[in-house]
J.: 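Structure in structure tokens, see below.
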Amino acid sequence: MAIMSEELSDRYSPQEVEQKIYQNWESKGYFKAEDQSTKPPFCVILPPPNVTGFLHMGHALDHTIQDVLVRWRRMSGFNTLWLPGTDHAGIATQAVVEKDLRKNGADRLEMGREAFIEKVWEWKHQYGDRIYKQMRRLGDSVDWDRACFTLDDGVSKAVRKVFVHLYKKGWIYQGEKLVNWSPPLHSAISDLEVVHKETKGHLYHIVYTVDGSGEKLVIATTRPETYLGDTAVCVHPEDERYKNLVGKTITLPIINRKIKIIADEYVDREFGTGALKVTPAHDFNDYELGKKHNLEFINILNVDGTLNDKAGPFAGLKAQEARKQVVAQFEELGILEKVEPHTHAVGYCDRTGAVVEPFLSKQWFVHTKDLATPARHVVSNETSKFVPESWTKTYIHWMNIIEDWCISRQLWWGHRIPAWYCEDCKHVTVSEADPSQCEKCKSKNIKQDEDVLDTWFSSALWPFSTLGWPEETEALKTFYPTSVLVTGHDIIFFWVARMFMMGLEMMGDVPFRTVYIHGLVRDSQGRKMSKSLGNSVDPVELIENHGADALRFTLMAQMATGKDLKFSMQRLEGYRNFMNKLWNATRFSLQNMEGFRAPADGVNAVVESHRLSTADKWLIYKLSEVETQVNEYLEDMRFSDAANALYSFTWHEFCDWYLEFSKPVLYGENAEQKQVTQLVLAQTLNRIVRMLHPFVPFITEEIYSKLPIRGEACIIDQYPKPAKDRSWLSLGSQEAAFEMDLVKQVIAAIRNIRGENSIKPNQKIKAWVTPKDDHSQKILGNNKSEIIRLSSLESCELQARDDLKKCAVVPIRMGDSEIDVVVPLEGLVDIEKEVQRLSKAIEKHEKDIQILSKKLSNEKFVANAPADVVEADKQLLSEIESKVAQMRTSLNRLS
RNA sequence: AGGGCCUUAGCUCAGUUGGUAGAGCGCCACCCUUACAAGGUGGAUGUCAUCGGUUCGACCCCGGUAGGCCCUACCA
């Protein structure tokens, strides 16, 4: 194999390579999964972003986690499928398009359904792949050929099949119920789409007069305008104040309607006046009261939230305006007793921000109790697991209190409900295929339901509809249940829970084995990133400035299980620097590959142990530790641990020490030695790059393509694993690791003396490194030149110095090895500094001695603690004591 | 109101079976040493929120308190 002599720039420029690399991966088909394979399957379904959306930091995190898992599994020999898709996002998309139309003076209602939907499709074709382009910038290794859209034919088929199935089972039904109504949308929304916010309002006290007797009854309300729909006043049956009024009537002011006074234990005597006005058609609690007491339900609202003709003189007004006018008139009538400020939770539509009005209407519902039971069960019995586990409780709790799901939306953009009403016999035909006649009376006079399904209905089928269901495809057999779902906790109920319900019902198995729930990406101050705060960070911009890899690594290094993460620019720059470090380590390696010929078995080539240097063996030993760790961490989805292990090995072991140790060899004349070092260097670099690849795919692919030992492409090479690497990793040795640690300590000791005594780096000094035993003697002998080089010494004697006057001394005690590092300071520095250094060191160690000896003199500790713990402490104590003794002696000699 | 989470170095955070506290960034000092100044070397910094309990031993386990966050539900 030819040697790369290409000069690399001293800075890594992601801008120059990232897009080119991605195109190459894609065109080579590396992301493609096989429908059938002898390899074990690994499948991740991408949570589909809104088709009109753009990539934000939440996606960046979510996608990076998935890409790391997918790339790791792909490299580990799995038949890996990461399936992308987009969501039609009914409300969101319709709102965006409507807004656009209004800008041009158009209106959806004027256009009509057909024309409007056509417009939305146009919009989809224009902007629908924006997010896909951005995903490519991030490096998402998704199987593009399988990309799905929630309104695709296949998915639509699935939607209808499920709808019909559940309808026939009686689990989808139509009902006249009180639902959350969003006036701007003219549509029902589900409970989950309502956000409750503490809102300052008023508590209005209104005086009613009891018919006949003329007694006064004061009720308190926050929404006085709803009195127009009141059909009762309710008091507590035991309330002495009102007991005698129960059964009597009052006449509502202005509209002069008679309503009953009823009693129910639901009423809280302590709150307000203890008398509650009951509006069954516009309040959830009153709705229940209304049903219980057989009250009349009076709907006072139009679909746009204005009052209807039931509101008499107030008809046509919006709720807020009606409130003002009602209150004003009450005041005129002298029946407004008082108005108190009152803070209470008000429901808002999470899409439009408008106040949600409870509204009585005919809607479609999914009966959830029976779907929820198995969905709860598979999580409590760990057929599927949440990571972190803490979400299990939340999920199960929610599944216990789940209410029926309102799935109809009065929108146009979405899956139209497959129900047809017969104009003649009123029968409802629910069918997968569009029927041409009523299934009961055969009348052709049928009309399809105008409404569409909640977007989450189709999302709930995503794990199997994207794999081809209801067709029995090979992909479905291979990849269902999917392996991992990665998502944020904000949609556990919207989405995850519903996928469990639908997956179990339709497929008879869980949709995924593991649900990984990550936190939110917040700004540096911990606030949610939002448009209104203007604190959003655009990941695409970050990619353009710092590279996708730096962004990905930043996210992963901070991705501790289940926690939110605060995004900081400084952190990003730090990891950008890491990319540069890796780049330069490669540059160094390639510059020193002259004359190197890669052996036939390349990365697995094993040389005789005796030809390897201590540093080689130490490096290989450390590498085996990292390989083990990283695979374990990834297995447990501990991303920050995996990223940090790789970071610190690459920078602080490989670059800081190994490359420095390799320099004398690479710069030297010993061709034999050089060849071995070059080999180890090439083998290790290759492994580091492969290990890092899932996290930072672009730079690793770029570097990989320049390595003297390499395969076709990094992305499809093997992920380093101790089991597969066994024979090569066995070249490493623990003895070498010990030896290196000792040598590193010696070097650190000399550097410390230098630093603390302000001896300039270019000032050559002499050192006497004194081994006190044969083993240490041998180790030092093996590494003398490295010690000289890395602590820039003029000379280094491996023996005791006779005259220890005015010498800096650092004792090293490690295991059985004892070494004293001695640097004469005569003429170099003010001795006072060394006195300070030593005193400081002694002081520090003495604290340790105190703690340790106290512990060891505690009989209970010695008796109860495990023997090895006691032994370790004893060993430590004696090492420290020996050090301190040596330091004291040295201190005395200084003066 | 109920449930959950958090409080560790100046900042952001790790710390999984309880055994003398770690990283990144920032800070201080010295260095353009032929891979890298997006770098190197050395250094400083913590009653691990607080109180109590369990234990030979607690950042870690249990309970109380204070402060911060999230979720669910809701009193008109």
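Numbers restart at 1 for each chain; the letters A, B, ... are given by sequence-line order, proteins then strands.
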J.: Over how many whole Å does the gap from A/L582 atom CG to B/C36 atom P extend?
T.: 15 Å
J.: I'd like to know if the side chain of A/E879 pairs up with that of A/Q875 as donor and acceptor (distance under 3.5 Å, no hydrogens or angles considered).
T.: yes
J.: How are the rings of A/Y658 and A/F654 set to each other: parallel, tilted or perpendicular (split at 30° and 60°)?
T.: parallel
J.: Rounded off to whole Å, could you give me the NZ-to-P distance for the A/K833 and B/G43 pair?
T.: 14 Å
J.: Provide the distance between the two P atoms, one in B/A14 and one in B/C27, to the nearest whole Å.
T.: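 B/A14 and B/C27 have their P atoms separated by 24 Å.
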J.: Atom CD1 of A/I753 and atom P of B/C30: how far apart are they, to the nearest Å?
T.: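 Interatomic distance, CD1 of A/I753 to P of B/C30: 20 Å.
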J.: Among the candidates B/U72, B/A44, B/C36, find the nucleotide nearest to the side-chain atoms of A/R587.
T.: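 So the side chain of A/R587 is nearest to B/C36.
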J.: Can A/D264 and A/H293 be said to form a side chain to side chain donor-acceptor pair (under 3.5 Å), step by step?
T.: CA-CA 9 Å; A/D264 195 287; A/H293 294 271; 2.7 Å; yes
J.: Between B/C59 and B/U20, how many Å separate the two P atoms, rounded to a whole number?
T.: 11 Å
J.: Do any of residues 857-865 of chain A sit with a heavy atom less than 4.0 Å from RNA chain B, and if so which?
T.: A/N858, A/K860, A/F861, A/N864, A/A865
J.: Mark yes or no: A/R498 above the aromatic ring of A/W405, with NZ or CZ under 6.0 Å from the six-membered ring centre and no more than 45 degrees from the axis.
T.: yes
J.: When the C1' atoms of B/G15 and B/C71 are compared, how many Å lie between them, rounded to an integer?
T.: 27 Å
J.: Taking atom C1' in both B/C75 and B/C70, what distance in whole Å separates the two?
T.: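 Comparing C1' positions in B/C75 and B/C70 gives a spacing of 23 Å.
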J.: Using heavy atoms to find the nearest nucleotide of RNA chain B for A/A557 and A/Y575 separately, return the residue whose nucleotide is more 5′.
T.: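 Between the two, 5'-proximity favours A/A557.
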J.: May I have the distance from A/L8 (atom CG) to B/C36 (atom P), rounded to whole angstrom?
T.: 12 Å
J.: If you only use heavy atoms from C-beta on, which nucleotide in B/G24, B/C71, B/A76 is closest to the side chain of A/K277?
T.: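 Nearest listed nucleotide: B/A76.
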J.: Taking CD1 from A/I688 and C1' from B/A35, how many angstroms apart are they, rounded to a whole number?
T.: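 Answer to the nearest Å: 14 Å.
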J.: Work out how far the C1' atom of B/C13 is from that of B/G46, and round it to whole angstrom.
T.: 15 Å
J.: If you measure only the distance, is there a donor-acceptor pair under 3.5 Å linking the side chains of A/R376 and A/N400?
T.: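 There is such a pair (donor and acceptor under 3.5 Å, judged by atom type) between the side chains of A/R376 and A/N400.
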J.: For a stem of at least 3 consecutive Watson-Crick or G-U pairs with distances under 3.5 Å, i pairing with j, i+1 with j-1 and so on, which stems involve RNA chain B?
T.: B:1-7 with B:66-72, B:10-13 with B:22-25, B:27-31 with B:39-43, B:49-53 with B:61-65
J.: Quick one: label A/H652 by what it contacts on the DNA or RNA (base, sugar-phosphate, nothing), any heavy atom closer than 4.0 Å.
T.: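 Contact class for A/H652: sugar-phosphate only.
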J.: Under 4.0 Å: is that the gap between some side-chain N or O of A/Y633 and OP1 or OP2 of B/A14?
T.: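 Checking A/Y633 against B/A14: no side-chain N or O falls below 4.0 Å of OP1 or OP2.
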J.: Measure the distance from CZ on A/F553 to P on B/C13 and round it to the nearest whole Å.
T.: 18 Å
J.: Is a donor from one side chain sitting under 3.5 angstrom from an acceptor on the other, for A/K277 and A/T226?
T.: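 A/K277 vs A/T226: donor-acceptor pair found between side chains.
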J.: Evaluate side chain to side chain contact (heavy atoms under 4.5 Å, CB included) for A/I765 paired with A/Q763, printing each intermediate quantity in order.
T.: CA-CA 6 Å; A/I765 54 173; A/Q763 171 119 37; 4.3 Å; yes
J.: Any donor-acceptor pair under 3.5 Å joining the side chain of A/R751 to the base of B/U41?
T.: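 There is none.
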J.: Between atom CD in A/Q570 and atom C1' in B/C13, what is the gap in whole Å?
T.: 14 Å
J.: Taking atom P in both B/U65 and B/A21, what distance in whole Å separates the two?
T.: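 The answer is 30 Å between these two P atoms.
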J.: Does A/K854 make a side-chain N or O approach to OP1 or OP2 of B/G57 shorter than 4.0 Å?
T.: no
J.: Looking only at atom P, what distance separates B/A76 and B/G67, rounded to whole Å?
T.: 26 Å
J.: B/C75 P sits how many Å from A/L289 CG, rounded?
T.: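 These atoms are roughly 11 Å apart.
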J.: Measure the spacing between OG1 of A/T273 and CG of A/L217 and express it to the nearest 0.5 Å.
T.: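 Answer for the OG1-CG pair, A/T273 versus A/L217, is 6.5 Å.
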J.: Please work out whether the ring planes of A/W398 and A/F493 are parallel, tilted or perpendicular, with thresholds of 30° and 60°.
T.: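 Ring orientation of A/W398 relative to A/F493: parallel.
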J.: Verify the distance criterion only: is there a donor paired with an acceptor across the side chains of A/S853 and A/K855 at less than 3.5 Å?
T.: no
J.: Can you check side chain to side chain contact (heavy atoms under 4.5 Å, CB included) on A/L336 and A/V327, steps first, answer last?
T.: CA-CA 7 Å; A/L336 185 65; A/V327 170; 3.7 Å; yes
J.: If we take the P atom in both B/C51 and B/U45, what is their distance in whole Å?
T.: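 That atom pair is separated by 23 Å.
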J.: For the side chain of A/K760 and the base of B/C31, is some donor closer than 3.5 Å to an acceptor across the two?
T.: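 No such pair is found, so the answer is no.
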